[in-house]
Amino acid sequence: MEPQIPKGFRDFLPERMRLRKRLIAKMTDIFERFGFEPLDTPCLEYAETLLGKYGEEGDRLIYKFQDRGERMVALRYDLTIPLSRVVAMHPEIIKPFKRYHIAPVWRADKPQKGRFREFYQCDIDIIGTTSSYADGELLVITYTVLKELGFKNFIIRINNRKILNAFAVNNGIGEERLPDFLRSLDKLDKTGLEGVFAELTEKGLMNDQLRTSLTAMTGDSAAADHNESLALLDSIVMGHEAGRQGVAELRILHETLQASNVDPACYRFDFTLARGLDYYTGPIFETIVTEPKIGSITGGGRYDNLIGLFSKETFPATGTSFGLERLITIMEELGSAESKQSLTQVLITQFDPQLMPHNLRIAGMLRDAGINTEVYFSQDKLKKQLTYASHKAIPFVAILGPDEHRDGKITVKNMTTGNQETILQYDMESWFRTQLLQP
RNA sequence: GUGGGUGUAGCUCAGUGGUUAGAGCACCAGGUUGUGGCCCUGGGGGCCGAGGGUUCAAGUCCCUUCAUCCACCCCA
């Protein structure tokens, strides 16, 4: 039969897998540095747990089916709802609860560049505090991760749902039309002000006051100075108490970023950021990269009411998510991806089947010394064995022939330089150690 | 869900309706019976995505279908 892989799903061959593992290790390291702890949950949830949490479009994209007990189950759509369920089921968890979760999620979407049906999210969330310093910390972590991965041209866009609400109220848009309004506003980057006006008109949301306000707002939305941007935001929430509070929260984010030495060029208070999910209640943020056009690479925000859906108590919460596949796509396009070198450090060639026990013994010694070692299994010509090492980019080869064996020696070869020497087996470990330390 | 592009060797792609469908790279073997990369020689590989149609003749034209990529919607 014809081998096939489901549409939108992918195999990760070793070369790519090495990069993925390295990235995940890096993020894990940073998350733990900030005091986050790991969590994992099942890939399957009851459908009712997920449905109705992501809006209409979200429900359509959830993979769902019946299990043998005829219950509707669904593959998780993100990591936030499972987290909410966990927190609601375990009220004893000490707050604030800071957890990270790196795992695949599934969406029955139509695949595209940088978009798949199975993809990894890397989430960090802080449950149980309303402090804006928590939101600020998420942004500092976002910055740290991208910096340490070697990213240069990225901008963290920051806004607050409270400000958007205030703006809508002040400009005659009813609460029930807010999601519609936000969706149109979010397209400003793509379609420009005229495009947004056109779409708002089509939706019947357009009015003169709105036109004036939006024109005024977006005119200098690219204000270089963050204090100016914040002042501008103040002016649009005029007379709206929750809106004022929203700006105050952003001031704390700004304070946090400044005190953490985050490059001011890497973030922006951006009134036009809306984000799709309905459940955000406070600060929202996402990161865009300018070089390869690929959409956002991180996204998140505060969702103080979500966990309440699963519990009598309410839990304030804030979180953000990194798109692993998109980070990788960018790293590959920018050429900062991993070298092709094998993880195997030494290949022990087979000279004579009679000597295999000695090959195995030597391999064991090297492995005990922490050196990744493989033995060649077949009795092929030495030429072929070296070709194998060469093609797999294994940096060192050890040859044990009858001559070496007789003298208790071994021939060791550096495949990069081509140099080789015959040394005592006793000295082998320190020889490799010295060589491996060199760049 | 809507609209476009592309399907020829493992990969990247040539191929004016007209013999037996090609190239580069990759792969295998030999040149070298204890030594990879460079070079030379040779070799294996293809239902030209699938199905139907037009034609004396189809990789090439038409229709259908599938796959894939891109854009929209939405999103990481």
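Keep in mind that what you see is a predicted model, and the values were worked out from it rather than measured. Order of the sequence lines fixes the chain letters, A, B, ..., with proteins taken first and strands second; residue numbering starts at 1 for each chain.
Residue whose closest nucleotide on RNA chain B sits further toward the 5' end, between A/D403 and A/G299: A/D403. Place A/P111 and A/R107 on RNA chain B by their nearest nucleotides, and A/P111 ends up nearer the 5' end.
The separation of B/rU19 from B/rU12, taken at their P atoms, amounts to 28 Å, rounded to a whole angstrom. Here, B/rG49 and B/rU60 have their C1' atoms 16 Å apart, quoted to the whole Å. If you take atom P in B/rG53 and the same atom in B/rA14, they sit 30 Å apart, rounded to whole Å. One P atom belongs to B/rC28, the other to B/rU16, and the distance between them is 34 Å to the nearest Å. Spacing between B/rG30 and B/rG36 at atom P, rounded to whole Å, works out to 12 Å. Rounded to a whole angstrom, the distance from the P atom of B/rG59 to that of B/rG52 is 14 Å.
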Exercise for review: Decide side chain to side chain contact (heavy atoms under 4.5 Å, CB included) for A/F97 and A/L83; before the verdict, give the C-alpha distance in whole Å, the side-chain angles of both, and the deciding distance to 0.1 Å.
Suggested key: CA-CA 11 Å; A/F97 176 43; A/L83 169 67; 4.0 Å; yes
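Residue A/R10 contributes atom CZ, which lies 11 Å from atom C1' of B/rA76 at whole-angstrom precision. Spacing between atom CD of A/E118 and atom P of B/rA76 amounts to 17 Å, rounded to whole angstrom units.
The base of B/rC75 sits with one of its N or O atoms less than 3.5 Å from a complementary donor or acceptor on the side chain of A/R326. The base of B/rU2 lies close enough to the side chain of A/K110 for a donor and an acceptor atom to sit less than 3.5 Å apart.
With hydrogens and angles disregarded, no donor-acceptor distance shorter than 3.5 Å links the side chain of A/T80 to the backbone of A/D78. Within the 3.5 Å criterion, the main-chain N or O of A/A317 finds a donor-acceptor partner in the side chain of A/D304.
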Exercise for review: Using Watson-Crick or G-U wobble pairs with both distances under 3.5 Å, give me RNA chain B in dot-bracket, 5' to 3', with [ ] for crossers and | for pairs to another strand.
Suggested key: (((((((..((((....[...)))).(((((.......))))).....(((((..]....))))))))))))....
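For residues 121-134 of chain A, every residue pair satisfying the salt bridge (charged side-chain N to carboxylate O under 4.0 Å, His left out) rule, not counting sequence neighbours, is listed here: A/R99-A/D125.
Residue A/K7 places at least one side-chain N or O under 4.0 Å from the OP1 or OP2 atom of B/rU68.
Scored by the ring-ring contact (aromatic ring centres under 6.0 Å, His included) test, A/F119 finds no partners at all (sequence neighbours excluded). Applying the side-chain hydrogen bond (donor to acceptor under 3.5 Å, both in side chains) rule to A/T422 yields the partners A/T411; only residues at least two apart in sequence or on another chain are considered.
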Check your understanding: In the 5'-to-3' direction, what one-character label does each nucleotide of nucleotides 35-44 of chain B receive under the scheme B = base within less than 4.0 Å of a protein heavy atom, S = sugar-phosphate only, - = no such atom?
Key -> BBB-------
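Between the side chains of A/Q435 and A/N414, at least one donor-acceptor pair of N or O atoms lies under 3.5 Å. Counted by atom type alone, A/E249 and A/N160 present one or more donor-acceptor pairs between their side chains at under 3.5 Å.
Residue A/F116 is in base contact, counting any heavy-atom pair closer than 4.0 Å across all strands shown.
Taking a 4.0 Å limit (strictly below) on heavy-atom distances, residues 29-41 of chain A does not reach RNA chain B anywhere.
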